[in-house]
J.: 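One structure, pasted below without further comment.
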Amino acid sequence: EYEARYHLPQLITESGFIDTPKGKSRKIVRILDSVHDAIAQGANVFGYTYWTLNHDYEWNNGWAENMGLFDIAGISRQKLPESGPGPDTDFTRIPLHPFVDVYGQIAQENRLAPELIQKYGKHP
């Protein structure tokens, strides 16, 4: 619909979501499968970026939700005070496997490999 209305190339800049690392892997494969289908139907999509690199502050829910590729060691519901991170907060990034591996493979190969679709499924 966007393509038909505006006739402009599209850059998908944000599709972060909350789930387990395995659930995120399934969702990213299905989202990018949908993007591939849109391109096959004529959409001019020239890029995709996942939101966000690591656990971040969300205006509607504070630090409670992690939509990132990486967790932050000192930021979790169990460890972080309500006031947020402080000078002693450990900001070490912790990769959320297998999600970072799946997204990394897609980015490195610049394609959605058939084995990922087979493992995580196509979009409904």
Side-chain angles (χ1 to χ4, degrees):
E1 187 172 313
Y2 180 90
E3 178 75 22
R5 183 173 184 178
Y6 298 106
H7 308 287
L8 295 170
Q10 300 168 60
L11 170 62
I12 301 168
T13 59
E14 188 170 324
S15 68
F17 36 80
I18 303 157
D19 206 333
T20 64
K22 187 174 181 178
K24 286 182 176 187
S25 299
R26 182 175 40 257
K27 285 180 182 178
I28 196 71
V29 167
R30 291 177 177 182
I31 286 170
L32 291 175
D33 184 45
S34 296
V35 170
H36 182 266
D37 283 352
I39 293 168
Q41 294 174 34
N44 184 5
V45 178
F46 70 93
Y48 171 89
T49 59
Y50 179 79
W51 180 263
T52 175
L53 176 64
N54 50 250
H55 194 134
D56 66 347
Y57 182 85
E58 292 292 328
W59 290 106
N60 56 339
N61 292 314
W63 294 96
E65 300 173 348
N66 183 5
M67 292 182 268
L69 291 159
F70 294 82
D71 201 356
I72 301 293
I75 299 177
S76 71
R77 283 181 245 186
Q78 296 80 21
K79 299 177 187 175
L80 188 66
E82 286 187 31
S83 61
D88 297 325
T89 302
D90 180 358
F91 284 95
T92 303
R93 288 188 180 129
I94 302 168
L96 296 173
H97 298 289
F99 184 44
V100 294
D101 305 313
V102 169
Y103 189 61
Q105 178 184 342
I106 294 166
Q108 186 173 20
E109 295 178 4
N110 194 27
R111 71 184 184 109
L112 189 54
E115 64 268 14
L116 292 177
I117 294 172
Q118 183 177 10
K119 183 172 184 175
Y120 295 106
K122 293 184 71 59
H123 71 282

J.: Arg93 side chain to Leu69 main-chain N or O, any donor-acceptor pair under 3.5 Å?
T.: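 Checking the backbone N and O of Leu69 against the side chain of Arg93, no donor-acceptor pair under 3.5 Å is found.
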J.: Using side-chain heavy atoms (C-beta onward) and a distance below 4.5 Å, is Asn66 in contact with Leu96?
T.: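 A side-chain contact exists here, since the closest heavy-atom pair is under 4.5 Å.
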J.: Indicate, with yes or no, if Ile31 and Val29 share a hydrophobic cluster defined by side-chain heavy-atom contacts under 4.5 Å among Ile, Leu, Val, Met, Phe, Trp and Tyr.
T.: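 Yes: a chain of side-chain contacts under 4.5 Å links Val29 to Ile31.
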J.: Could you report the tightest heavy-atom contact between Pro85 and Phe91, atom names first, then the distance?
T.: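 In this case the closest contact between Pro85 and Phe91 is CB-CZ, 3.6 Å.
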J.: Mind checking side chain to side chain contact (heavy atoms under 4.5 Å, CB included) for Lys122 and listing every partner two or more places apart, or none if nothing turns up?
T.: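 By the side chain to side chain contact (heavy atoms under 4.5 Å, CB included) rule, Lys122 matches Asp33, Ile117.
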J.: Could you list the residues that satisfy ring pair (Phe, Tyr, Trp, His ring centres under 6.0 Å) with Phe17, not counting sequence neighbours?
T.: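 Ring pair (Phe, Tyr, Trp, His ring centres under 6.0 Å) list for Phe17, sorted by chain: Tyr50.
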J.: Are Phe70 and Trp51 co-members of a hydrophobic cluster defined by side-chain heavy atoms under 4.5 Å apart?
T.: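 Trp51 and Phe70: separate clusters.
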J.: Measure across Gly74 and Thr89 and return the closest heavy-atom pair with its distance rounded to 0.1 Å.
T.: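 Distance-wise, the nearest heavy atoms are O-CG2, 3.9 Å.
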J.: Kindly work out whether a path of hydrophobic side-chain contacts (I/L/V/M/F/W/Y, heavy atoms less than 4.5 Å apart) joins Val45 to Leu32.
T.: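 Yes: a chain of side-chain contacts under 4.5 Å links Val45 to Leu32.
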J.: Looking at every heavy atom in both Pro98 and Tyr120, which two are closest together, and how far apart are they?
T.: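 What the structure gives for the nearest pair is CG-OH, 3.9 Å.
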J.: Tell me whether Ile94 shares a hydrophobic cluster with Met67, the cluster being built from Ile, Leu, Val, Met, Phe, Trp, Tyr side chains joined at under 4.5 Å.
T.: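 Ile94 and Met67: separate clusters.
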J.: Using the side-chain hydrogen bond (donor to acceptor under 3.5 Å, both in side chains) rule, collect all pairs that involve residues 13-25, keeping only residues at least two apart or in two chains.
T.: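 Every pair satisfying side-chain hydrogen bond (donor to acceptor under 3.5 Å, both in side chains) with a residue in residues 13-25: Ser15-Tyr48, Asp19-Lys27.
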J.: Which side-chain N or O atoms in residues 105-112 pair as donor and acceptor under 3.5 Å with protein atoms at least two apart or in another chain?
T.:
{"residue": "Gln105", "atom": "NE2", "partner": "Glu115", "partner atom": "OE2", "Å": "3.2"}
{"residue": "Glu109", "atom": "OE1", "partner": "Arg111", "partner atom": "NE", "Å": "3.4"}

J.: I'd like to check the side chain to side chain contact (heavy atoms under 4.5 Å, CB included) partners of Gln41; sequence neighbours left out, ordered by chain and number.
T.: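 By the side chain to side chain contact (heavy atoms under 4.5 Å, CB included) rule, Gln41 matches Asp37.
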J.: If you link I, L, V, M, F, W and Y whenever their side-chain heavy atoms are under 4.5 Å apart, who else ends up in the same group as Phe46?
T.: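 Result for Phe46 is Leu11.
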